[in-house]
Amino acid sequence: MKLLTLLLVTISLCCNAQVINDLARQKLKGRIKTVTEFEYGADKNSLVSRNVYKYDGNGNQVDIYSYAPDNSLLSKSIFNYNDSGKLVDIKRFKGDGTFNVRTTCKYDAKGNQVEEDNYDASGTLFMKAVSMFNGNGNRRVCDRFNEFGILFLKSNFKYDDKGYEIEEKQYDSHHGLKFQTTYEYDDYDANGNWLKRTTYKNDKPASITERAIE
């Protein structure tokens with residue numbers, strides 16, 4: 001009887017969980033159809049990749065296509081949702097169309113993605129990511145575990161007053177700092193979406209990302 005009660009409570013929490021669409025989760029404002037990100041090296045002399053993100057009418061991400069500088073396809077990711085608009089899984093493929101990774105998601109009562117389980121092409125779990133969020137829906141901590149359930153990487157995040165991520169610190173399982181990534185944002189569109197971001201690794205410029213938003 002206790003087990004049945006616990007099961008019913010769990011089902012109730014899942015059914016009553018809020019649904020946050022991807023535009024809100026990614027701090028994108030406006031009725032956006034596509035976002036194209038051009039990633040350059042730190043000196044911006046060379047294009048590294050072009051990533052195209054597509055969204056549906058509900059503000060949920062449909063797919064991501066990544067292209068090399070010569071426009072050859074590097075990878076694609078397909079997003080699948082249930083009837084309630086919650087992301088069920090992401091299927092990731094290599095550039096030649098070979099299935100690579102499947103990611104499934106779990107949520108808390110506020111609609112935050114608190115767990116992501118990653119499976120290889122054979123269906124074997126190889127990484128689990130467990131996240132904690134603050135009251136603004138920003139991820140504070142992400143712990144990553146290997147196939148044996150052993151913690152191998154911990155990330156802590158900071159955000160600016162717009163909700164954009166400005167820092168990620170990654171630690172190993174012994175709490176030793178591995179490296180720090182920071183972001184600076186420049187140029188915004190009329191809706192307040194950033195159009196240029198500079199990424200630093202351990203305080204050294206690493207890449208520049210520019211956005212085109214439709």
Side-chain angles (χ1 to χ4, degrees), residues 6-7 9-28 51 53 60-61 64 66 75 77-82 85-92 99-185 197 199-204 206-207 209:
L6 178 61
L7 179 61
V9 170
T10 303
I11 292 174
S12 176
L13 287 174
C14 292
C15 292
N16 291 330
Q18 298 178 23
V19 178
I20 305 172
N21 69 25
D22 292 320
L23 291 179
R25 185 177 293 111
Q26 297 167 19
K27 313 301 181 185
L28 286 164
N51 304 304
Y53 306 79
N60 286 322
Q61 202 160 357
I64 304 173
S66 296
S75 65
S77 300
I78 307 299
F79 294 69
N80 300 297
Y81 298 83
N82 63 19
K86 289 175 63 176
L87 180 63
V88 176
D89 65 24
I90 307 167
K91 293 183 174 67
R92 308 177 195 274
F99 176 63
N100 190 23
V101 174
R102 176 173 178 257
T103 301
T104 62
C105 303
K106 295 179 182 178
Y107 303 84
D108 64 14
K110 295 181 179 179
N112 298 310
Q113 290 183 8
V114 293
E115 184 177 318
E116 294 182 355
D117 297 331
N118 294 275
Y119 302 86
D120 63 21
S122 70
T124 302
L125 177 70
F126 67 90
M127 188 188 76
K128 179 190 295 288
V130 178
S131 299
M132 292 185 292
F133 294 78
N134 63 21
N136 295 322
N138 294 322
R139 184 169 56 171
R140 295 190 300 106
V141 178
C142 179
D143 292 338
R144 297 174 179 87
F145 302 84
N146 64 18
E147 65 270 33
F148 304 109
I150 298 172
L151 175 69
F152 69 90
L153 190 66
K154 176 185 282 288
S155 293
N156 294 338
F157 304 90
K158 290 183 179 180
Y159 301 84
D160 62 16
D161 56 4
K162 297 183 178 67
Y164 294 140
E165 183 182 327
I166 56 173
E167 180 185 270
E168 177 185 1
K169 287 185 176 180
Q170 292 192 345
Y171 301 86
D172 60 24
S173 58
H174 301 289
H175 305 287
L177 180 64
K178 296 188 69 173
F179 63 86
Q180 173 180 286
T181 304
T182 54
Y183 304 95
E184 288 184 357
Y185 300 90
R197 180 183 67 192
T199 301
Y200 299 84
K201 299 288 187 180
N202 293 329
D203 297 325
K204 296 181 180 180
S207 64
T209 304

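Numbers here simply count residues along the sequence, with the first being 1.
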Do you know the tightest heavy-atom contact between [X] and [Y]?
X      : Y      : value
Val88  : Asn82  : CG2-N, 3.5 Å
Tyr183 : Glu167 : CD1-N, 4.3 Å
Asp120 : Ser122 : OD1-OG, 2.6 Å
Asp160 : Tyr185 : OD2-CD1, 4.2 Å
Asn60  : Gly85  : ND2-O, 3.5 Å

**Report entry** Residue pair Tyr81 / Asp22, side-chain donor-acceptor N/O under 3.5 Å
**Finding:** yes
When rounded to the nearest 0.5 angstrom, what distance separates [atom1] in [X] from [atom2] in [Y]?
X      : Y      : atom1 : atom2 : answer
Thr199 : Glu168 : OG1   : CD    : 11.0 Å
Phe79  : Ile64  : CZ    : CD1   : 4.0 Å
Leu177 : Lys154 : CG    : NZ    : 13.5 Å
Cys105 : Asp117 : SG    : CG    : 8.5 Å
Thr103 : Arg92  : OG1   : CZ    : 4.0 Å
Asp89  : Ile78  : CG    : CD1   : 11.0 Å

Query raised in the report: Considering residues at least two apart in sequence or located in another chain, which fulfil the salt bridge (Lys or Arg N to Asp or Glu O under 4.0 Å) criterion with Lys106?
Result: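 Lys106: salt bridge (Lys or Arg N to Asp or Glu O under 4.0 Å) contacts with Glu115.
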Side-chain heavy-atom pair [X], [Y] within 4.5 angstrom cut-off:
X      : Y      : result
Thr104 : Tyr119 : yes
Thr124 : Glu147 : no
Asn138 : Arg140 : no
Gln61  : Ile90  : no
Lys86  : Tyr107 : yes

Query raised in the report: Yes or no on side-chain contact (heavy atoms from CB on, under 4.5 Å) for Arg144 and Ser155, after CA distance, side-chain angles and deciding distance?
Result: CA-CA 8 Å; Arg144 297 174 179 87; Ser155 293; 2.9 Å; yes
Query raised in the report: Within the distance-only criterion (no hydrogens, no angle test), does the side chain of Asn146 pair as donor or acceptor with the backbone N or O of Phe148 below 3.5 angstrom?
Result: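 A pair under 3.5 Å: yes.
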Query - Under 3.5 Å donor-acceptor, Tyr159 side chain and Arg139 backbone - result: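 Yes, Tyr159 side chain to Arg139 backbone: donor-acceptor pair under 3.5 Å.
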